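Let me begin by presenting the structure, written as structure tokens, before commenting on it.
Model, not experiment: these values are computed from the prediction. For the numbers below, each heavy atom of this structure counts, side chains included, while hydrogens, waters and symmetry mates do not.
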Amino acid sequence: MKDEEIVRCLQNGKENGLEALIDKYAAYVGTIIRRIILPSMSESDAEELASDVFIAVWRDPGKLTGKNLRPYLAAAARNKALSRLRTAKQWQPIEDELLTAEGDFEKETDRRLLADALSAALEEMEASDREILVVTYYYCRSLKETAFGLGITEGAAKTRLFRARERLKKILTERGIVYED
């Protein structure tokens with residue numbers, strides 16, 4: 001079934017549209033989600049997120065057209081995966097090894113404070129800047145992988161990444177955090 005037909009069926013509330021959507025795009029949506037959440041989360045989490053994407057499309061197909069179906073699914077998958085990761089990270093327990101660490105406590109404390117400052121700075125940034133920084137650096141993606149995941153050209157990804165780094169540097173510098181060798 002072509003995308004236009006799938007969208008028409010979804011907008012008319014026909015279940016065969018949802019079945020066709022899942023048949024055609026399950027692997028695509030699953031790949032996007034897995035690239036973001038694995039190995040931090042499990043395969044069952046990836047499957048659950050993929051289901052959430054398709055349910056969201058089923059419930060609100062009004063924004064869809066035959067031309068935007070694939071990019072819409074990519075954005076929905078990416079957003080659901082990043083949202084789940086943010087939620088999971090907020091509730092992670094304090095590691096026991098930090099409480100009984102036999103190392104340089106001062107160095108570890110500095111590292112944690114810097115991580116907290118970086119996290120706060122990222123939260124202050126626009127979502128598009130934060131997204132490209134997190135996808136590229138936190139998930140260790142190449143520029144090509146980042147561009148593909150965001151659905152933009154490599155040149156656009158390079159420009160966005162440069163500008164996002166400059167904004168992050170400005171925020172951190174204003175807070176008195178500077179890089180020293």
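- Residues E145 and Y139 are not in side-chain contact: their nearest non-hydrogen atoms beyond the backbone lie 4.5 Å or more apart.
- Residues passing the side-chain contact (heavy atoms from CB on, under 4.5 Å) test with R165, sequence neighbours excluded: L133, Y137, L161, F162.
- Remark: W58 CH2 to I22 CD1 distance equals 9.5 Å, nearest 0.5 Å.
- Note on V134 and I32: same hydrophobic cluster, where clusters join Ile, Leu, Val, Met, Phe, Trp and Tyr whose side-chain heavy atoms are under 4.5 Å apart, directly or indirectly.
- In the hydrophobic clustering of ILVMFWY residues, with side-chain heavy atoms under 4.5 Å counting as a link, L38 and V53 come out together.
- The CD atom of E154 lies 11.0 Å from the OG1 atom of T159; values are rounded to the nearest 0.5 Å.
- No side-chain heavy atom of C9 sits less than 4.5 Å from a side-chain heavy atom of N12.
- The distance from the NZ atom of K24 to the CZ atom of R70 is 9.0 Å, given to the nearest 0.5 Å.
- To the nearest 0.5 Å, the span separating CG on D3 from CG on L73 amounts to 8.5 Å.
- In this structure, V57 and L10 have side chains that are in contact, with non-hydrogen atoms separated by less than 4.5 Å.
- Between K67 and E4, none of the side-chain N atoms (NZ, or NE/NH1/NH2) sits under 4.0 Å from a carboxylate O, so this pair counts as no salt bridge.
- Counting heavy atoms from C-beta on, the side chains of L21 and M1 never come closer than 4.5 Å.
- Side-chain contact between Y25 and L69 is present, with at least one heavy-atom pair separated by less than 4.5 Å.
- L49 and V135 fall into different hydrophobic clusters, where Ile, Leu, Val, Met, Phe, Trp and Tyr are joined by side-chain heavy atoms under 4.5 Å apart, directly or via other members.
- Under the side-chain contact (heavy atoms from CB on, under 4.5 Å) criterion, A156 pairs with I152, T153, sequence neighbours left out.
- Taking each heavy atom of A20 and I6 in turn, the nearest pair found is CB-CG1, 3.9 Å.
- For Y72, the OH atom sits in a packed shell: over 12 heavy atoms of surrounding residues, nucleotides or ligands are nearer than 6.0 Å.
- The nearest pair of heavy atoms linking L172 to A117 is CD2-O, 4.1 Å.
- When hydrophobic clusters are built by joining Ile, Leu, Val, Met, Phe, Trp and Tyr residues whose side-chain heavy atoms come closer than 4.5 Å, directly or via intermediates, L18 is grouped together with L64.
- L82 and F54 end up in the same hydrophobic cluster when Ile, Leu, Val, Met, Phe, Trp and Tyr side chains are linked at under 4.5 Å.
- Checking side-chain atoms of R34 against main-chain N and O of G30 turns up a donor-acceptor pair under 3.5 Å.
- A donor-acceptor contact shorter than 3.5 Å is absent between the side chain of R160 and the backbone of D129.
- Put simply, the side chain of N79 gets close to the backbone of A75: a donor and an acceptor are under 3.5 Å apart.
- Between R84 and E48 there is a salt bridge, with a side-chain nitrogen of the basic residue lying less than 4.0 Å from a carboxylate oxygen of the acidic one.
- Side chains of L168 and L118 form a contact here, defined as non-hydrogen atoms less than 4.5 Å apart.
- Looking at D116 and S119, their side chains never bring a donor and an acceptor atom within 3.5 Å of each other.
- Of the possible donor and acceptor atoms, none in the side chain of Q11 sits under 3.5 Å from a partner among the backbone N and O of T65.
- Side-chain atoms of N68 come within 3.5 Å of backbone N or O of K63 as a donor-acceptor pair.
- Panel note: side chain E174, backbone I171; no donor-acceptor pair is recorded below 3.5 Å.
- Of the possible polar contacts, one joining the D45 side chain to the S42 backbone as a donor-acceptor pair under 3.5 Å is found.
- Taking 4.5 Å as the limit, every side-chain heavy atom of K80 sits out of range of all side-chain heavy atoms of I33.
- The closest side-chain heavy-atom distance from R163 to I132 is not below 4.5 Å.
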Salt bridge (charged side-chain N to carboxylate O under 4.0 Å, His left out) between R78 and E131, worked out: CA-CA 10 Å; R78 183 182 67 241; E131 179 180 44; 2.5 Å; yes

